[in-house]
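Worksheet for the structure shown next.
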Amino acid sequence: MTTTYSAADLIRLEEAYGAHNYHPLDVVISRARGVWVWDVEGKKYLDFLAAYSAVNQGHCHPRIVAALKEQADRVTLTSRAFRNDQLGPFCQQICQLASYARFLPMNTGAEAVETAIKAARKWGTTVKGVEEDRGEILVFAGNFHGRTTTIVGFSTEAQYRQGFGPFTPGFKILPYGDAAAVEAAITPNTVGILVEPIQGEGGIIVPPEGYLRRLRELATARRVLLIVDEIQSGLGRTGKLFAFQHEGIRPDVVIVGKALGGGCVPISGILADDEVMGVFHPGDHGSTFGGNPLACAVARAALQVLVEEGMVENSARLGEYFMERLRQLRSPHVREIRGKGLWIGVELHPEAGGARRFCEALQQEGLLCKETHVNTIRLAPPLVITREEIDWALERIAKVLA
Ligand SMILES: *Cc1c(COP(=O)(O)O)cnc(C)c1O
């Protein structure tokens, strides 16, 4: 369907009829392919957000779109009351790829986090022997795990919480990157440690080397589940399939989402072995759309292209190149450049006046970025980006940061 609305019309409609729970850049996208998107006026931009890493495989990847169309013509939804011919093969594929025994499918990232929380609590009572309603989960300042009431209840971002209480008890918030604080906080009632391997929304915060390894040791020694939220960091973003692999550890529960849907459909879930996944019995937990054949068919293609087309390796190789070139820019505004793979935060000095205005300037140059927190520009393009496209972007970033 071709639209006859102008960009200004579309923005006006969205503002008039949509809830104002976002403050987007005023670019109205109507077409996309790979790392590029086009606005309604035909202006082309390089997408440096990749839908918060939900589009790691690039926009409208032909193999993913083909899987989507093919499955859309066959069957899209059965609910879990019946079986479908996509769920089993998809679970096998992701379990073999990630080396876990089982997968539990949900839709959004927040639902998968909720699933992990429920798994940890029930594991606590049924396996560890914690008294009912006493299980505690350790979480970290600056975390982002989604927007449900339980999850925002342990956010440290005032705006995420303000007005939405009362909140779910049972979470203890600790400083991020400080393993000694975790060691001191674990009690016999602790059932889980819920951690992002790199804090994405928190500002691309990379914890000290060895942090996850130490959490793994503590979790094992004190009989606590190590739950790693790989919703944004996973599926190639940091140059490994999962960010925890940089530390050579294996979590008890891995939470995935975002790029699992290949930028087409919401699909998320948790990976775990039988000791944890075995706590769920029929009726304990579920989702009407969770494990639907359309999403599973898309996810199968999304994982396949990620691996077969070398996107994880591309993220490692070009991420390193990009970071090195960014560090050579020597802008007076830049305080620190950090990240892993194609997940880079450019933190500006507070005097620079905030990252938002730089994102708006980059938009004028044909580069779409989103600030994270006030002072950090996040650079996270689809993992199919080429060196030439990075060079194209670098020229523009250099100009804006000069
Ligand atoms: C985006 C994100 C979530 C929430 O995912 P939704 O699909 O938006 O619910 C949870 N954890 C992390 C680390 C994320 O980046």
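Since the structure is predicted, the reported quantities are computational estimates derived from the model, not experimental observations. Every number for a ligand or one of its atoms is a count from 1 in the order of the listing.
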Taking the six-membered ring of Tyr100, is the NZ or CZ of Arg250 close enough (under 6.0 Å from the centre) and on axis enough (within 45°)?
yes
Between Arg216 and Glu247 (salt bridge meaning N to carboxylate O under 4.0 Å), is one present in this structure?
no
Using heavy atoms and a strict 4.0 Å limit, residues surrounding ligand 1 turn out to be Thr108, Gly109, Ala110, Phe144, His145, Gly146, Glu196, Asp229, Ile231, Gln232, Lys258
What one should report as the nearest heavy-atom pair of Arg214 and Ala179 is CG-CB, 3.3 Å
Give the table of side-chain donor-acceptor pairs shorter than 3.5 Å for residues 386-396, with sequence neighbours excluded, one pair per line with atom names and distance.
from: Thr386; atom 1: OG1; to: Glu389; atom 2: N; distance (Å): 3.2
from: Thr386; atom 1: OG1; to: Glu389; atom 2: OE1; distance (Å): 3.2
from: Glu389; atom 1: OE1; to: Thr386; atom 2: N; distance (Å): 2.9
from: Glu389; atom 1: OE2; to: Trp36; atom 2: NE1; distance (Å): 3.1
from: Asp391; atom 1: OD1; to: Tyr321; atom 2: OH; distance (Å): 2.4
from: Asp391; atom 1: OD1; to: Arg325; atom 2: NH1; distance (Å): 3.3
from: Asp391; atom 1: OD2; to: Tyr321; atom 2: OH; distance (Å): 3.4
from: Arg396; atom 1: NH1; to: Trp392; atom 2: O; distance (Å): 2.8

Using modelled atom types and a 3.5 Å cut-off, is there a donor and acceptor pairing between side-chain atoms of Asn314 and backbone atoms of Leu383?
yes
Between Thr288 and Ser79 (side chain of the first, backbone of the second, donor and acceptor by atom type, cut-off under 3.5 Å), is there such a pair?
no
